[in-house]
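Read through the structure below, which is laid out as structure tokens, and then see the notes.
Note on naming: letters A, B, ... go to the chains in the order of the sequence lines (proteins, then strands), and numbering restarts at 1 for each one.
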Amino acid sequence: MASKLRYWLFKSEPSAFSIDDLAASPEQTALWDGVRNYQARNFLRDDVALGDLVLFYNSREEPLGVAGTMKIAKAGYPDPKQFDPSSKYFDAKSPADAPRWTGVDVRLIQKFPAVVSREQLGADATCAAMMVMKRGMRLSIQPVTREEWLAVHKLAGVRP
DNA sequence: GCCAACGTTGGC
DNA sequence: GCCAACGTTGGC
């Protein structure tokens with residue numbers, strides 16, 4: 001029996017990895033790596049499952065907001081960058097036989113016609129309650145509800 | 001660029 | 001195991 005589909009929000013700085021970068025990736029699929037926060041890692045490792053649906057959120061750089069959607073193409077596996085000394089995400093303390101950090105593969109579903117801004121999100125009763133709208137909530141991998149998923153699509157003017 | 005909020009580190 | 005110092009996140 002299939003497990004219940006979950007909904008998530010992943011943050012990325014567009015200058016590091018944008019939704020256009022994802023669209024330009026082979027098969028519009030890429031490794032979501034570099035998560036170095038334990039709570040976010042636990043979500044990636046334990047809860048994010050194949051087929052789950054994800055909001056792509058532009059963090060720290062304009063245009064802030066939800067740029068589009070993607071789905072999980074491969075569930076959690078060791079983030080290779082933790083073993084790459086040339087990477088800023090290298091972690092010398094991560095044991096090779098028990099990797100500390102997890103990545104997942106994501107595949108583009110759609111880029112929204114325009115980024116759904118924080119102003120739009122804040123003006124919507126459903127979206128305003130999302131974790132990402134809370135001040136000081138820094139978690140880069142967040143669960144969202146089905147209602148929030150649908151409300152963001154309504155604001156974007158597209159079908160889920 | 002500012003600064004508040006948060007997570008991690010390290011001395012004790 | 002506490003907690004101050006420090007580094008990072010992230011909106012403004």
Side-chain angles (χ1 to χ4, degrees), chain A residues 6-25 30-48 52-70 72 75-106 108-145 147-157:
Chain A
R6 290 191 176 89
Y7 301 85
W8 303 95
L9 178 147
F10 288 7
K11 296 180 187 172
S12 180
E13 299 171 28
S15 65
F17 187 75
S18 70
I19 196 160
D20 289 330
D21 292 331
L22 179 58
S25 299
L31 165 64
W32 199 274
D33 58 13
V35 172
R36 293 294 180 271
N37 168 283
Y38 285 104
Q39 195 179 350
R41 187 281 312 269
N42 291 346
F43 280 132
L44 283 185
R45 188 189 60 189
D46 304 334
D47 298 311
V48 174
D52 281 2
L53 301 170
V54 184
L55 298 171
F56 189 115
Y57 179 83
N58 289 346
S59 160
R60 299 188 72 175
E61 296 164 3
E62 296 292 341
L64 295 178
V66 181
T69 57
M70 45 196 181
I72 301 301
Y77 62 100
D79 177 350
K81 286 199 177 156
Q82 67 196 308
F83 302 124
D84 176 3
S86 70
S87 169
K88 68 180 279 200
Y89 297 117
F90 177 64
D91 183 353
K93 294 182 189 166
S94 181
D97 57 350
R100 183 177 289 182
W101 303 112
T102 296
V104 297
D105 285 356
V106 291
L108 182 70
I109 297 176
Q110 66 175 326
K111 178 186 175 182
F112 289 159
V115 172
V116 177
S117 68
R118 289 182 61 82
E119 186 179 5
Q120 287 176 278
L121 294 171
D124 180 272
T126 302
C127 296
M130 290 198 302
M131 216 181 273
V132 75
M133 298 302 290
K134 305 267 188 267
R135 174 123 184 87
M137 171 49 75
R138 300 181 354 187
L139 203 53
S140 63
I141 304 290
Q142 308 180 353
V144 301
T145 66
E147 289 68 33
E148 289 161 353
W149 171 267
L150 294 173
V152 170
H153 282 78
K154 192 167 183 181
L155 290 175

My understanding is that only residues two or more places apart in sequence, or in another chain, count here; which of them pass side chain to side chain contact (heavy atoms under 4.5 Å, CB included) with [X]?
X	value
A:Ser117	A:Glu119, A:Gln120
A:Arg118	A:Tyr57, A:Leu64, A:Val132, A:Met133
A:Ala23	A:Gln28, A:Leu108
A:Gln110	A:Thr69, A:Phe112, A:His153, A:Val158

*Those residues that, when tested against A:Phe43, pass ring pair (Phe, Tyr, Trp, His ring centres under 6.0 Å) (two or more places apart)*: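 If we apply the ring pair (Phe, Tyr, Trp, His ring centres under 6.0 Å) test to A:Phe43, skipping adjacent residues, the hits are A:Trp8.
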*May I ask you to say whether A:Arg36 pairs ionically with A:Asp79, meaning some side-chain N is under 4.0 Å from a carboxylate O?*
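Answer for the salt bridge query: yes.
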_ring pair (Phe, Tyr, Trp, His ring centres under 6.0 Å) contacts touching residues 82-102 of chain A (sequence neighbours left out)_ =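 Sorted result for residues 82-102 of chain A: A:Tyr38-A:Trp101.
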*Under the salt bridge (charged side-chain N to carboxylate O under 4.0 Å, His left out) rule, collect the residues that match up with A:Asp20, sequence neighbours excluded.*
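Only A:Lys111 meet the salt bridge (charged side-chain N to carboxylate O under 4.0 Å, His left out) criterion with A:Asp20.
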*With sequence neighbours excluded, tell me which residues meet salt bridge (charged side-chain N to carboxylate O under 4.0 Å, His left out) with A:Lys81.*
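If we apply the salt bridge (charged side-chain N to carboxylate O under 4.0 Å, His left out) test to A:Lys81, skipping adjacent residues, the hits are A:Asp33.
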*Contact residues, residues 132-141 of chain A to DNA chain B [heavy atom, < 4.0 Å]*: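 Residues of residues 132-141 of chain A under 4.0 Å from DNA chain B: A:Arg135, A:Gly136, A:Arg138.
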*Would you jot down, in residue-number order, the residues of residues 111-127 of chain A having a non-hydrogen atom under 4.0 Å from DNA chain B?*
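Heavy-atom contacts with DNA chain B come from no residue of residues 111-127 of chain A; none.
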*Can you sort out the partners of A:Ser94 under side-chain hydrogen bond (donor to acceptor under 3.5 Å, both in side chains), two or more places apart, ordered by chain and number?*
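With sequence neighbours excluded, A:Ser94 shows a side-chain hydrogen bond (donor to acceptor under 3.5 Å, both in side chains) to A:Gln82, given in chain and number order.
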_Of all nucleotides in DNA chain B that come within under 4.0 Å of a heavy atom of chain A, which is furthest toward the 5' end and which toward the 3' end?_
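Going 5' to 3' along DNA chain B, contacts run B:dA4 to B:dT8.
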